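Start at 1 and go down the list; that is how both ligands and their atoms are numbered. Remember, it's a predicted structure, so these values are computed and weren't measured experimentally. Quick note: numbers below take in every heavy atom, side chains included, and nothing from hydrogens, waters or symmetry partners.
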Amino acid sequence: MAALNIERAEFLKQEDILIFEDSVAKFLDEHAPESRVAKWREAGIVERSKWREAGAAGLLCLSIPEAYGGAGGDFRHEVVLMEQTARKGVSGFLTSLHNAIVAPYILHYGSEDQKKRWLPKMASGEFVGAIAMSEPGAGSDLQGIRTAAKLDGNQYVINGQKIFISNGQLADLVIVVVKTDPSQGAKGVSLIVVETNEAEGFHRGRNLDKIGMDAQDTSELFFDNVRVPTSNLLGRQEGMGFVQLMQQLPQERLTIGVTGVAIMERALELTIAYVKEREAFGRRLIDFQNTQFRLAECKTEATVARVFIDRLIGLHLEGKLDAATTSMAKYWVSDLENRIVDTCLQLFGGYGYMNEYPIARMFRDSRAQRIYGGANEIMKVLIARTL
Ligand SMILES: Cc1cc2nc3c(=O)[nH]c(=O)nc-3n(C[C@H](O)[C@H](O)[C@H](O)COP(=O)(O)OP(=O)(O)OC[C@H]3O[C@@H](n4cnc5c(N)ncnc54)[C@H](O)[C@@H]3O)c2cc1C
């Protein structure tokens, strides 16, 4: 039984979407059961073959046109995949980053040649995608990045270092945010694609030891005189990277909101089931008014978040979603997600603190949602600009 009674938006209830949802659920049950996900958590990485399997099942590049090997769907399909992945606790298998963040940069800014070269491989799972913005010295303030790409004939020579890069150990294709003109701020930033398997001088650093998202290979990346053809620049001219990021980050932020609400729902479902079973002082935990009130509050807030996010998905499908509103979704939903998961964990008592309980892992995983995609404070800076 779903934890929230609120009806989903009409556009998410259409028959083809419900059929797709069913097929995603079946795929995850078969290919990512809890026992398998536990192995990924131990290894700190999802096995490569899973990407091929997701590709073969048509789950990669969902909103990329069929002409480029994609599924020809739209953002609704991405929403379904993200929600099912979150609802089933498959944290770490970042198809959402590959599909809804990396592939769209190539679709929107890539030349016809680039799209034909990279998107079919991303759709089949032959290539895993990543985007490398953050550096040891610059995360929130992307204008301060130091990774530089210097023109040398018909090649760029890239030098620098990136950190916290999701899919970093697996990635075959990395969109690297570089300075093509270090004398400029935002206007000196460009996006260049590096095919890691061919790139001499490209090194992967540590698969970083995180407090959560254990199955995710979040990594350091090093570029030491990495040469790529100038044809790997995304967009027609240098210096467009910042604008491209500003145009694409809203979708990334919306995906964080979409996942956040799905996690709230899962936390509520698990907790409601638990408090109906567990007894203390001769009563079920649900029979204490404190339990009822806390969960009533969580359910109310999660319902408000669901309505808000569904509305934003609708606006995004119509091309009417602005950056400030997605910033609201990113910060407010991820903050709420953390509060709800924390409240739920408390109701599990000591068991809630044990990693073998999903609520414990959700607590650890959720924390990152307030940081990546732009720290929540940066979201408030963006919203404040519209005041
Ligand atoms: C699990 C995980 C996955 C990630 N995946 C990726 C990825 O795939 N690709 C990628 O490029 N990056 C990724 N990141 C990096 C992430 O985007 C950055 O950590 C984030 O943008 C913050 O940058 P920073 O860590 O350098 O923090 P800083 O910029 O040093 O900021 C630290 C804190 O200072 C505060 N702060 C900063 N600026 C302001 C301001 N103007 N006003 C008020 N407060 C401010 C905020 O509280 C902020 O959290 C990932 C991070 C994590 C944790």
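Under the rule for a ring-ring contact (aromatic ring centres under 6.0 Å, His included), Y105 has no partner lying at least two apart in sequence or in another chain. For D287, the side chain to side chain donor-acceptor pair (under 3.5 Å) partners at least two apart in sequence or on another chain are R284. In this structure, the ring-ring contact (aromatic ring centres under 6.0 Å, His included) partners of F223, at least two apart in sequence or on a different chain, are F202.
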Please tabulate protein-ligand N/O pairs under 3.5 Å for ligand 1, atom names and distances to 0.1 Å.
| unit_1 | atom_1 | unit_2 | atom_2 | d |
| --- | --- | --- | --- | --- |
| ligand 1 | 5 (N) | F164 | O | 2.8 |
| ligand 1 | 5 (N) | S166 | OG | 2.8 |
| ligand 1 | 8 (O) | S166 | N | 3.0 |
| ligand 1 | 8 (O) | S166 | OG | 3.2 |
| ligand 1 | 9 (N) | I131 | O | 2.9 |
| ligand 1 | 11 (O) | M133 | N | 2.8 |
| ligand 1 | 11 (O) | S134 | N | 2.8 |
| ligand 1 | 11 (O) | S134 | OG | 3.2 |
| ligand 1 | 12 (N) | S134 | OG | 2.7 |
| ligand 1 | 14 (N) | F164 | O | 3.4 |
| ligand 1 | 23 (O) | S140 | N | 3.4 |
| ligand 1 | 26 (O) | G139 | N | 3.2 |
| ligand 1 | 29 (O) | S140 | N | 3.0 |
| ligand 1 | 29 (O) | S140 | OG | 2.7 |
| ligand 1 | 47 (O) | E377 | OE1 | 3.0 |
| ligand 1 | 47 (O) | E377 | OE2 | 3.1 |

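Contact check on E21 versus R87 returns no salt bridge, with no Lys/Arg side-chain nitrogen under 4.0 Å from an Asp/Glu carboxylate oxygen.
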Inset, instruction - Begin from the C-alpha positions of N197 and D172 and carry the test side-chain hydrogen bond (donor to acceptor under 3.5 Å, both in side chains) through to its verdict. - result: CA-CA 6 Å; N197 303 323; D172 307 277; 3.2 Å; yes

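A cation-pi contact, defined as under 6.0 Å to the ring centre and within 45° of the axis, links R283 to F288.
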